[in-house]
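So the structure is just underneath, and the comments pick up after that.
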Number of protein chains: 2
Amino acid sequence: MLKDIIDNNENYQPGLSIDCVIFGFHDNQLKVLLIKVERANKWSLPGGFIPVDQDIDTAAITVLNSRTGVDGVFLRQFATFGKVDRNKQHFDKKILEYLKIEEAKGKWLMRRFVTIGYYALVDFSKILPNPANRLEVVEWIDHKEVPELILDHREILDKALDTLRIELNLMPIGYNLLPEKFTIPELQKLYETILDKKLDRRNFLRKITNIGILTKLDEKKSNVAHKAPNLYSFDKGKYDEVLKNGLNQGW
Amino acid sequence: MLKDIIDNNENYQPGLSIDCVIFGFHDNQLKVLLIKVERANKWSLPGGFIPVDQDIDTAAITVLNSRTGVDGVFLRQFATFGKVDRNKQHFDKKILEYLKIEEAKGKWLMRRFVTIGYYALVDFSKILPNPANRLEVVEWIDHKEVPELILDHREILDKALDTLRIELNLMPIGYNLLPEKFTIPELQKLYETILDKKLDRRNFLRKITNIGILTKLDEKKSNVAHKAPNLYSFDKGKYDEVLKNGLNQGW
DNA sequence: ACTACATTGCGTCATAATAACACATTACTG
DNA sequence: CAGTAATGTGTTATTATGACGCAATGTAGT
C-alpha cells in the first residue's frame with residue numbers, strides 16, 4: 001500500500017501526512033488505537049497521506065474510517081507538527097529496500113514530512129480494530145501504558161491528550177466516548193480518567209445534569225453489582241443550544 | 001522574491017505555506033496587519049514558505065519578524081487549512097506570466113497549497129510595518145473593517161480571532177498587546193474589544209488583579225484627561241506560576 | 001430469608017466567585 | 001473654582017463550588 005502511494009506519488013500531497021489519535025474508553029481506561037507494522041518494532045499512530053483531490057479533513061476521515069469502520073464521529077484537527085528532523089530516522093533507505101522502491105521514487109518519501117494531527121473520540125463498543133493487511137497489528141492500548149512510538153508520535157499523542165483535557169473543560173464532549181445509553185457514574189469515571197483527577201460523586205452529578213444536555217431515561221442498568229444506576233442519554237439538540245451560549249466562558 | 005523561491009523551489013517544502021494573523025491594539029481597536037501587493041487588488045495575510053531546513057515554527061517566526069521587525073513575542077500555531085480548491089483562483093497563470101516564470105517551474109506553485117496558520121500578539125507601539133519591497137503595502141487595519149481578502153484568508157482570520165477569544169478566557173495573554181506599562185482601564189478596553197462585550201469596571205479590576213500577575217507601579221499615567229489612572233506592569237515570573245496551576249479549570 | 005455491604009441518589013451547609021450597584025476621589029475643563 | 005468625567009474602593013445579593021451526611025437500592029453472603 002505504501003508502495004502504491006509512492007509509485008503514484010503525484011496523486012498525493014508531497015511532504016504532508018495525517019496522523020490520528022483515536023481515543024476510546026473501556027474498563028475505566030482511556031485507550032488509544034495504535035498500529036504496529038511487521039517490519040518495524042515500534043508502535044505508531046494510524047496515519048495516511050493526502051490525495052491532491054481531497055480536503056485535509058476528508059483525508060482525516062478516511063484514515064479514521066479505514067481503521068475503525070465508523071464515521072460521523074467526533075474528529076478534530078488539533079495541531080500540525082513539522083520539526084526539520086521529525087522523520088529523519090524513520091523514512092530511511094531500509095524501508096525503500098524493504099518495499100523494493102527505486103531510489104528516484106523513494107526521494108518523495110525521504111524528505112521532511114509535516115504531519116497534521118487529528119484526534120477522534122469513538123464509542124469503544126462499536127469499534128472493531130481493522131488492520132489494513134496481514135502484516136499489521138491494530139490494538140487498543142491504555143494511554144498510561146503506551147510503549148515507545150516511532151518518530152515524534154509520542155509528542156503528538158501527548159498534545160492530543162492535552163487538547164482533549166482542555167476541550168473537555170470547555171464543552172461536554174465526553175459522551176462521544178460512551179454508548180448511547182450510559183450512567184452518570186460511568187461518565188464520571190470517564191472524566192476522572194481523562195483529567196487524571198478524583199471528582200466528588202454528588203457534585204459531579206449536580207454539575208453535569210445542570211448543563212442540561214442529558215436525558216434521564218426510565219431505565220436502569222441491569223446485571224450490575226449493588227444498586228442499579230439510572231441510564232441517561234445525550235440530547236444533541238440541547239447540546240447545540242448550550243454551545244451557542246458558550247460553556248465556561250470566563251469573562 | 002516569489003520568483004526566487006519558485007526558481008529554487010527544491011529548497012522549500014512543496015505545497016505548504018505559512019500565514020500569520022498579527023494582532024495589535026491601538027485607539028481602542030484590535031488591528032490586524034495586512035498586506036497588499038501591487039498586482040493584486042485584494043489584501044492578504046502576511047505569509048511565507050517553509051525552507052526544508054527549518055522547523056515550521058521557525059519559519060513562522062521568520063515571517064513575523066520580516067514584517068514587524070520584532071521577535072520574542074507571543075506566536076502560536078492555531079490551525080491548518082487545506083481545502084482542495086483553497087488557492088485555485090489565486091496561483092494561476094496570470095501570476096506566472098507576471099513574474100515571467102516558465103510553466104514547468106510554475107507547476108510547483110499551481111498545486112493545492114496547505115497553509116499553517118499562526119497568530120501573533122504584538123505591542124503596536126513597537127512595530128513599524130515593514131514592506132518587503134516597493135510594490136508592497138503593509139498596513140494595520142481595524143479587525144472590524146477588514147476588506148475582502150484573497151483565497152480563504154478571511155476564514156483564517158476569523159478562526160484566529162475565535163482562538164484568541166478562547167485562549168484569552170483560559171489565560172491572561174492580553175498584556176502581550178500592550179506596552180510594558182499600562183493602565184487597568186486600557187487592559188479592560190482591550191478585553192472588551194477582543195471579546196466584543198462590555199465589562200463592569202469594578203469587577204474587572206478585582207478579577208484581573210486577583211490573578212496576581214500584575215504589579216502596581218508607583219506611577220500614574222500623565223497627560224491624560226480627568227483622573228490619572230495608575231500604571232501597572234506585567235510580572236512574567238508570577239504568570240508562569242499561575243499557568244502551572246492552570247487558570248479557569250472548569251472541573 | 002435476612003443481614004451486611006457497596007454503591008447510588010438526593011440534600012445540606014460553609015465558602016468562594018460573580019454580578020450589580022453606591023459613593024468618594026482625582027485631575028482636567030470651561 | 002465649580003463642573004465633569006473619569007478612576008479607585010467598598011457593599012450586597014446571587015450564584016457556583018466544595019465538602020459532607022444520610023437514606024435508598026440492589027447484590028452477596030450466611
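Throughout, a chain's letter reflects where its sequence line sits, starting with A, and its residues are numbered from 1.
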Take the protein atom [atom1] of [X] and the nucleotide atom [atom2] of [N], then report the distance between them rounded to whole Å.
{"X": "A:N203", "N": "C:dC13", "atom1": "CG", "atom2": "C1'", "result": "12 Å"}
{"X": "B:Q188", "N": "C:dA19", "atom1": "CD", "atom2": "P", "result": "13 Å"}
{"X": "B:N169", "N": "C:dA17", "atom1": "CG", "atom2": "C1'", "result": "15 Å"}
{"X": "B:D200", "N": "D:dG8", "atom1": "CG", "atom2": "C1'", "result": "13 Å"}
{"X": "B:K221", "N": "D:dG8", "atom1": "NZ", "atom2": "P", "result": "12 Å"}

Requested in this report: List for me each residue that meets ring-ring contact (aromatic ring centres under 6.0 Å, His included) alongside B:Y175, sequence neighbours excluded, and say none if there are none.
Outcome: B:F234, B:Y239
Query raised in the report: Residues in ring-ring contact (aromatic ring centres under 6.0 Å, His included) with A:H26, at least two apart?
Result: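 So A:H26 forms a ring-ring contact (aromatic ring centres under 6.0 Å, His included) with A:F124.
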Query raised in the report: For A:D152, which residues count as a salt bridge (Lys or Arg N to Asp or Glu O under 4.0 Å) partner, sequence neighbours excluded?
Result: A:R86
Report task. Identify, with sequence neighbours excluded, every residue that meets salt bridge (Lys or Arg N to Asp or Glu O under 4.0 Å) alongside A:D158. Result -> A:R154
**Report entry** Inter- and intrachain pairs under salt bridge (charged side-chain N to carboxylate O under 4.0 Å, His left out), touching residues 184-195 of chain B, at least two apart
**Finding:**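 Sorted result for residues 184-195 of chain B: B:E186-B:K221, B:E192-B:K198.
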Side chains of residues 199-206 of chain B: which donor-acceptor pairs under 3.5 Å do they make with residues two or more places apart or in other chains?
from, atom 1, to, atom 2, distance (Å)
B:D200, OD1, B:R202, N, 3.0
B:D200, OD1, B:R202, NE, 3.4
B:D200, OD1, B:N203, N, 3.0
B:D200, OD2, B:R202, NH2, 3.2
B:N203, OD1, B:R206, NH2, 2.7

Query raised in the report: Is there a donor-acceptor pair under 3.5 Å between the side chain of B:T58 and the backbone N or O of B:Q54?
Result: no
Would you list the atom pairs, donor with acceptor, under 3.5 Å between side chains in residues 74-83 of chain B and any protein atom, with sequence neighbours excluded?
from, atom 1, to, atom 2, distance (Å)
B:R76, NE, B:E167, OE1, 3.0
B:T80, OG1, A:T80, OG1, 2.5

Might you list the N or O atoms of the protein lying below 3.5 Å from N or O atoms in nucleotides 2-10 of chain C, with each pair's distance?
from, atom 1, to, atom 2, distance (Å)
C:dT8, O2, A:K227, NZ, 3.2
C:dG9, OP1, A:N230, N, 2.7
C:dG9, N7, A:R201, NH1, 3.0
C:dG9, O6, A:R201, NH2, 2.8

What does the list of N/O pairs under 3.5 Å between the protein and nucleotides 12-16 of chain D look like, with a distance for each?
none

